[in-house]
Q: 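My structure is below; once you've seen it, I'll send some questions.
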Amino acid sequence: MTEGRSVLHVNGTNIEERHNLQVSLVFCSELKQYKRLEQEVIRPVENVAIHLVSQHAGSTGREATLCWRDQQLLRFYSEQCDTHFATFLNAVDAFFSCVGAGQPPRVFVAHSKLVILGAHKLVFIGDTLSRQVAATDVAHRVTDGSNALCKLLKTVVGATKMAALRYPSTAALQEMVDRVTLLSHQAAQLKAQLYQTAGT
């Protein structure tokens with residue numbers, strides 16, 4: 001494959017390949033951050049769930065309709081998802097701008113980490129909701145959406161690592177951009193799913 005003067009397309013922007021730079025990425029250091037994020041998202045949500053149960057312990061629901069507790073949980077999670085999704089989109093926009101400007105790996109990797117961390121928050125929200133909600137059909141749909149987002153998240157991590165190691169390979173950069181694009185679409189679907197289910 002000829003790298004030469006090939007063109008990278010990012011939201012309609014053409015980028016010429018820059019100077020060669022070898023970079024080694026170690027994503028293991030992010031694990032502690034992910035654990036902290038998990039606790040940051042899950043702890044307040046679980047507290048709300050306990051509060052809802054204590055307020056309305058006698059409520060029951062059938063499969064066809066959502067019980068009061070599930071409705072309240074879905075509204076709460078939808079609001080949480082909306083807040084984190086906005087932050088996630090800001091990180092995605094900054095990432096695309098960075099790549100579109102032809103920034104080197106040390107810059108686009110930093111922006112990619114913000115995208116990854118933002119998506120992890122959405123995954124944790126989906127996972128926690130699926131464990132808390134009583135309606136099994138809702139739990140299954142949310143689990144599917146969260147799992148799909150998690151799988152795409154892993155591909156973004158791998159694509160970012162390859163883009164940095166192979167810089168300035170246009171093909172590797174384009175693959176990274178494409179993966180982040182797919183990730184943003186799946187995140188939007190998860191958000192829309194929660195809003196639709198909650199009826200908001």
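In this text the structure is predicted, and so the values were computed from the model without any measurement. This chain uses plain numbering: 1 for the first residue, then up along the sequence. These values consider heavy atoms only, across backbone and side chains, with no hydrogens, waters or symmetry-generated copies.
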Q: Working note: V177 + V180, criterion side chain to side chain contact (heavy atoms under 4.5 Å, CB included); need CA distance, chi angles, decisive distance, verdict.
A: CA-CA 5 Å; V177 167; V180 172; 5.9 Å; no

Q: Nearest heavy-atom pair of A187 and L149: which atoms, and what distance?
A: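 In terms of heavy atoms, the two residues are closest at N-CD1, 3.8 Å.
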
Q: Heavy atoms only: give me the nearest H111-A94 pair and the separation to one decimal.
A: ND1-CB, 3.8 Å

Q: SG of C150 to CG of L190: how many Å apart, nearest 0.5 Å?
A: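 Result: 11.5 Å between the selected atoms.
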
Q: Please give me the minimum heavy-atom distance between A163 and L173, naming the atom from each residue.
A: CB-CD2, 4.1 Å

Q: Kindly give the heavy-atom pair with the smallest separation between R69 and A134, and that separation in Å.
A: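 Result for this residue pair: NH1-N, 4.3 Å.
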
Q: Taking the six-membered ring for Trp, are the ring centroids of F88 and H84 within less than 6.0 Å of each other?
A: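 No, the ring of F88 stays outside the 6.0 Å limit from the ring of H84, centre to centre.
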
Q: Please name the residue in the list D82, I125, V142 that meets the side-chain contact (heavy atoms from CB on, under 4.5 Å) test with Y77.
A: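 For Y77, the side-chain contact (heavy atoms from CB on, under 4.5 Å) check succeeds only for I125.
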
Q: To the nearest 0.5 Å, how far apart are CD in Q186 and OG in S146?
A: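 Result: 9.0 Å between the selected atoms.
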
Q: In sequence, state the C-alpha distance, the side-chain angles, and the governing distance for T181 and F96, and then conclude on side chain to side chain contact (heavy atoms under 4.5 Å, CB included).
A: CA-CA 9 Å; T181 300; F96 283 145; 3.4 Å; yes

Q: Can you name the nearest heavy-atom pair linking L129 to L74, along with the distance?
A: CD2-CD2, 3.8 Å

Q: Within the structure provided, determine whether Q72 and F76 are in side-chain contact (heavy-atom separation under 4.5 Å).
A: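 Side-chain contact under 4.5 Å: no.
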
Q: Using a 4.5 Å cut-off on heavy atoms from C-beta on, say whether the side chain of Q193 contacts that of T197.
A: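 In contact.
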
Q: Look at D127 together with R131 and state whether they make a salt bridge at an N to O cut-off of under 4.0 Å.
A: no

Q: Before giving the answer on side chain to side chain contact (heavy atoms under 4.5 Å, CB included), spell out for R179 and L182 the whole-Å C-alpha distance, their side-chain angles and the decisive distance to 0.1 Å.
A: CA-CA 5 Å; R179 293 299 177 179; L182 289 174; 4.2 Å; yes

Q: Examine V157 and L114 and state if one hydrophobic cluster contains both, with Ile, Leu, Val, Met, Phe, Trp and Tyr joined whenever side-chain heavy atoms are less than 4.5 Å apart.
A: no

Q: Please find the pair of heavy atoms, one from Q71 and one from L66, that lie closest to each other, and give the distance.
A: NE2-O, 3.1 Å

Q: Hey, could you give me the CD/CG distance between Q80 and L194, rounded to the nearest 0.5 Å?
A: 11.5 Å

Q: Using a 3.5 Å distance criterion without hydrogens, assess whether the side chain of S112 forms a donor-acceptor pair with backbone atoms of F108.
A: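 Side chain of S112 to backbone of F108, a donor-acceptor pair under 3.5 Å: no, none is there.
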
Q: Give, for atom OG of S169 and atom CE of M176, the distance between the pair rounded to the nearest 0.5 Å.
A: 10.5 Å

Q: Are any of the side-chain nitrogens in R75 or E79 under 4.0 Å away from the carboxylate oxygens of its partner?
A: no

Q: Within this structure, what is the CG-OG distance for the pair L152 and S184, rounded to the nearest 0.5 Å?
A: 9.5 Å

Q: Can you tell me how far OG1 of T87 sits from CG of L122, rounded to the nearest 0.5 angstrom?
A: 9.0 Å

